[in-house]
Every structure is written in structure tokens, then in C-alpha cells.
Amino acid sequence: MDTHTHPLGLSTTELARSIGLAPDSIRVHLCRRGSYFGLVPDRLPNGRLLWPADSLERLKAKAEAMPPRPVPSRKAAGGE
């Protein structure tokens with residue numbers, strides 16, 4: 001388990017825990033898209049990922065810049 005804190009960045013587990021996700025969710029997103037919402041980790045010699053130290057700030061800034069998602073109406077969802 002990659003729970004060791006590195007002074008230059010975050011482990012996948014630390015990043016996931018900070019944003020309320022499972023580490024595998026981040027790994028799958030990275031594998032499928034080549035980044036996690038614009039974040040690209042360094043791969044350490046032992047194969048683990050080291051995410052940039054400012055990852056949380058960058059994700060927060062990206063989330064704040066996104067327009068709010070509309071709430072679906074009950075009619076559109078098949079309700080009455």
C-alpha cells in the first residue's frame with residue numbers, strides 16, 4: 001500500500017483519500033485518459049505513482065472553474 005508521504009508529492013492513496021475516492025478509481029482514469037483531470041504523475045523506480053504536491057489545489061481550482069451541473073427535472077428522469 002502506498003501510504004508513504006513524499007516531500008515532493010502525494011501517493012495515489014493520499015490523493016484518493018483527500019478527494020474521497022478509491023485509489024483504483026484514480027488509477028483507472030489515468031490509464032484510460034492519460035491523466036487525472038489534467039494531472040500527470042511521475043512514475044517512481046518502484047512503479048508507484050507520485051502526484052504533484054499541488055494536486056489538490058489544482059483539482060479544486062478546476063472544479064471551481066466548471067459551471068454548475070443542472071439538476072435533472074423529475075419529468076426528464078421519468079417521474080411525474
Side-chain angles (χ1 to χ4, degrees):
M1 185 185 285
D2 42 334
T3 58
H4 178 70
T5 302
H6 193 280
L8 300 177
L10 301 169
S11 70
T12 302
T13 300
E14 292 168 332
L15 178 62
R17 193 173 289 147
S18 297
I19 59 177
L21 292 177
D24 283 341
S25 297
I26 294 175
R27 290 185 192 101
V28 167
H29 196 283
L30 174 65
C31 183
R32 290 183 179 166
R33 295 181 177 91
S35 71
Y36 184 74
F37 295 103
L39 299 175
V40 179
D42 289 327
R43 187 167 296 276
L44 300 175
N46 63 4
R48 293 184 179 179
L49 302 174
L50 184 65
W51 296 87
D54 66 344
S55 293
L56 296 175
E57 292 82 13
R58 289 168 54 185
L59 288 173
K60 183 179 176 184
K62 187 173 282 255
E64 289 173 352
M66 292 177 60
R69 294 172 62 181
V71 177
S73 68
R74 293 185 78 196
K75 278 188 175 181
E80 227 174 284

- Item | Heavy-atom side-chain contact between Leu59 and Trp51 under 4.5 Å | no
- Quick one: do Leu15 and Val28 end up in the same hydrophobic cluster if we chain Ile, Leu, Val, Met, Phe, Trp and Tyr together by side-chain heavy atoms under 4.5 Å apart? no
- Where is the tightest heavy-atom contact between Ala22 and Ala16, given as atom of each residue plus distance? C-CB, 3.8 Å
- Heavy-atom pair with the smallest gap, counting every atom of Leu56 and Ser18: CD2-CB, 3.5 Å
- Item | Flag side-chain contact, heavy atom, 4.5 Å: Leu30 against Pro41 | yes
- Message: Out of the candidates Leu39, Leu21, Leu49, only one should pair with Ile26 under the side chain to side chain contact (heavy atoms under 4.5 Å, CB included) rule; please name it.
- Response: Leu21
- Closest contact, heavy atoms only, Pro23 versus Thr12: O-CG2, 3.8 Å
- Taking only residues at least two apart or on different chains, which pairs with a member in residues 50-61 satisfy salt bridge (charged side-chain N to carboxylate O under 4.0 Å, His left out)? Asp54-Arg58
- Of all heavy-atom pairs linking Val40 and Ser35, the shortest is CG2-CB, 3.8 Å
- Smallest heavy-atom separation, Lys62 atom then Phe37 atom, equals CE-O, 3.2 Å
- How many angstroms lie between CZ in Arg48 and OG1 in Thr13, if you round to the nearest 0.5 Å? 8.0 Å
